[in-house]
Protein chains: 2
Amino acid sequence: MGGTRREPAPAAPLLAESTAWLLNGAAREVTLRFERALRGDELRWRDYGVLGVLEAAGSLSQQEIGRRLGVDRSTMVHIIDVLEGRGLVARGRDRADRRAYAIELTEAGRAFLRDTLHPLTAEVHEELIGGLSAEDRAHLDRILALLASPGAGEERTM
Amino acid sequence: MGGTRREPAPAAPLLAESTAWLLNGAAREVTLRFERALRGDELRWRDYGVLGVLEAAGSLSQQEIGRRLGVDRSTMVHIIDVLEGRGLVARGRDRADRRAYAIELTEAGRAFLRDTLHPLTAEVHEELIGGLSAEDRAHLDRILALLASPGAGEERTM
DNA sequence: TATTGTTATACTCTATAACTATA
DNA sequence: TATAGTTATAGAGTATAACAATA
């Protein structure tokens, strides 16, 4: 309390000014806005991730979806339970390996992506980076892609 | 994240290509590397946040630290317990308001920031964005600062 | 009456380990 | 033996509500 601190102009950068800190703040902000906008649908960022992976890759096993998102297979069970309960994905059987499901988007799931999630993403993007020039956006995306895909061969996680 | 997919660009952007997704991936990657590097000290990103806030602002109440990081005051109790247990911060009393603590960095806390955390941050930064030009870094920081400080007057959260 | 720190409690998210049915 | 999905369970991390001391 009474301690009078010195103000040593630090050679090391203040945390609040570091790229890492800003990055976290920006990511949190984006996710927060996104989930707030999705609140009516009670979906999480994570669920969007699953739908997006399926949209890009077609039918996948639960484990494979989890692998791509950095989520354990036991966790995937609950996630798919919810999405299946909402009719957005279906648990088909993989004929080649009857241990595994072939998770696929339902027609409703595809429609949800098309009519709700993608427009919502575009909206949140517009809110956040609408002020940036197309050049800035391209620049940002290029840099983020570098940061998000580590050279060390590590898995991408949510 | 995928392999070598080469698909027709859909009208709606693929999730994996969206700025929001990349942003999350990049932030996760940064935090992950940071915590891995800090593992020996068993500190979390969040703890670094507290120390950083204290370094920047001097002595603060628990509640005020929490407010600045978007953490509830009941959660702050545990965080400060840990940091105090490690001798990195001290619970002084605020003479002006005896309900509140005046949390401050100890000498050890300052030394830890100076000798460990800041160099570590610099190292992780170098790993991640070392390949970027100074211009790119400045650009990135400028954009991130925009994203991280919402105009809508919302609180910054960890 | 309002506020700081505290405690008890509960809820969410996640992973680990054991089980089942296949392979 | 090994693997996909499941289940039970445990551990973080966090928040809400009630309480004591102080404002």
Side-chain angles (χ1 to χ4, degrees), chain A residues 1 24 27-28 31-32 34-36 38-39 41-50 53-54 57 59-85 89-104 155-158, chain B residues 24 27-28 31-32 34-36 38-39 41-50 53-54 59-85 89-104 155-158:
Chain A
M1 37 137 307
N24 260 279
R28 172 66 61 127
T31 307
L32 216 68
F34 193 84
E35 295 206 334
R36 196 180 305 135
L38 264 182
R39 182 157 258 169
D41 297 292
E42 282 181 7
L43 280 188
R44 301 300 175 79
W45 178 258
R46 175 190 75 177
D47 301 311
Y48 189 9
V50 172
V53 164
L54 287 173
S59 89
L60 296 172
S61 71
Q62 290 183 185
Q63 184 144 285
E64 177 57 22
I65 298 171
R67 198 189 61 72
R68 296 190 186 202
L69 296 175
V71 171
D72 189 82
R73 63 184 206 237
S74 66
T75 304
M76 283 307 303
V77 176
H78 307 306
I79 298 177
I80 298 298
D81 280 350
V82 170
L83 292 176
E84 188 186 32
V89 306
R91 278 181 162 113
R93 273 292 167 187
D94 181 341
R95 292 196 192 114
D97 184 345
R98 292 192 307 186
R99 293 171 304 182
Y101 286 129
I103 309 293
E104 357 186 274
E155 285 302 316
R156 161 81 168 73
T157 58
M158 293 187 78
Chain B
N24 260 278
R28 173 64 62 125
T31 306
L32 216 68
F34 193 84
E35 295 205 335
R36 196 181 303 135
L38 264 183
R39 184 156 254 171
D41 296 293
E42 283 181 6
L43 280 188
R44 301 301 175 79
W45 178 259
R46 177 190 73 178
D47 300 312
Y48 189 9
V50 172
V53 164
L54 287 173
S59 88
L60 296 172
S61 72
Q62 290 183 185
Q63 183 143 286
E64 176 59 21
I65 298 170
R67 198 189 62 72
R68 296 189 186 202
L69 295 174
V71 172
D72 190 82
R73 63 184 206 238
S74 66
T75 304
M76 284 306 305
V77 176
H78 307 305
I79 297 176
I80 299 297
D81 279 350
V82 170
L83 293 176
E84 189 186 33
V89 307
R91 278 180 162 113
R93 274 290 168 189
D94 182 340
R95 290 197 192 114
D97 184 345
R98 291 191 307 182
R99 293 171 305 182
Y101 286 130
I103 309 294
E104 359 186 273
E155 283 302 315
R156 161 80 168 74
T157 57
M158 290 187 78

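In what follows, chains are A, B, ... by sequence order, proteins preceding strands, each numbered from 1. Excluded from the calculations below are hydrogen atoms, water molecules and symmetry mates; all remaining heavy atoms, backbone and side chain alike, are included.
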Does B:R91 reach a base, just sugar-phosphate, or nothing at all? Heavy atoms under 4.0 Å. sugar-phosphate
Whole-Å distance between D:dA12 C1' and B:W45 CH2? 19 Å
Minimum heavy-atom distance A:I103-A:L54, with the two atoms named: O-CD2, 3.5 Å
Here the distance between atom P of D:dT14 and atom CE of B:M76, to the nearest Å, is 10 Å
If the condition is ring pair (Phe, Tyr, Trp, His ring centres under 6.0 Å), which residues does B:F34 pass it with, not counting sequence neighbours? B:W45, B:Y48
When rounded to whole Å, the CD1 to P distance for the pair A:I79 and D:dG5 reads 13 Å
Examine C:dT14: is either OP1 or OP2 under 4.0 Å from a nitrogen or oxygen in the side chain of A:R46? Give yes or no. yes
Which whole-number value in Å describes the distance from B:L69 CG to D:dA15 C1'? 16 Å
For B:E84, side chain to side chain contact (heavy atoms under 4.5 Å, CB included) partners two or more places apart: B:V89, B:R91
Can you tell me the distance, in whole Å, between the CD atom of A:Q63 and the P atom of D:dA2? 15 Å
For B:E64, check salt bridge (charged side-chain N to carboxylate O under 4.0 Å, His left out) against everything at least two apart and list the hits. B:R67, B:R68
Going 5' to 3' along nucleotides 15-23 of chain C, which nucleotides have protein heavy atoms under 4.0 Å from the base (write B), which only from the sugar-phosphate (write S), and which from neither (write -)? BB-B--BBS
Listed by chain and number, what are the side-chain hydrogen bond (donor to acceptor under 3.5 Å, both in side chains) partners of B:S74, not counting sequence neighbours? B:D72
Separation of C:dG5 P from B:I103 CD1 (nearest whole Å): 7 Å
Residues two or more places apart in sequence or in another chain: which of them pass side-chain hydrogen bond (donor to acceptor under 3.5 Å, both in side chains) with B:T31? A:N24
Between P on C:dT4 and CD1 on B:I65, what's the gap in Å once rounded to a whole number? 13 Å
Whole angstrom is fine here: how far is it from CZ in A:R67 over to P in D:dT3? 14 Å
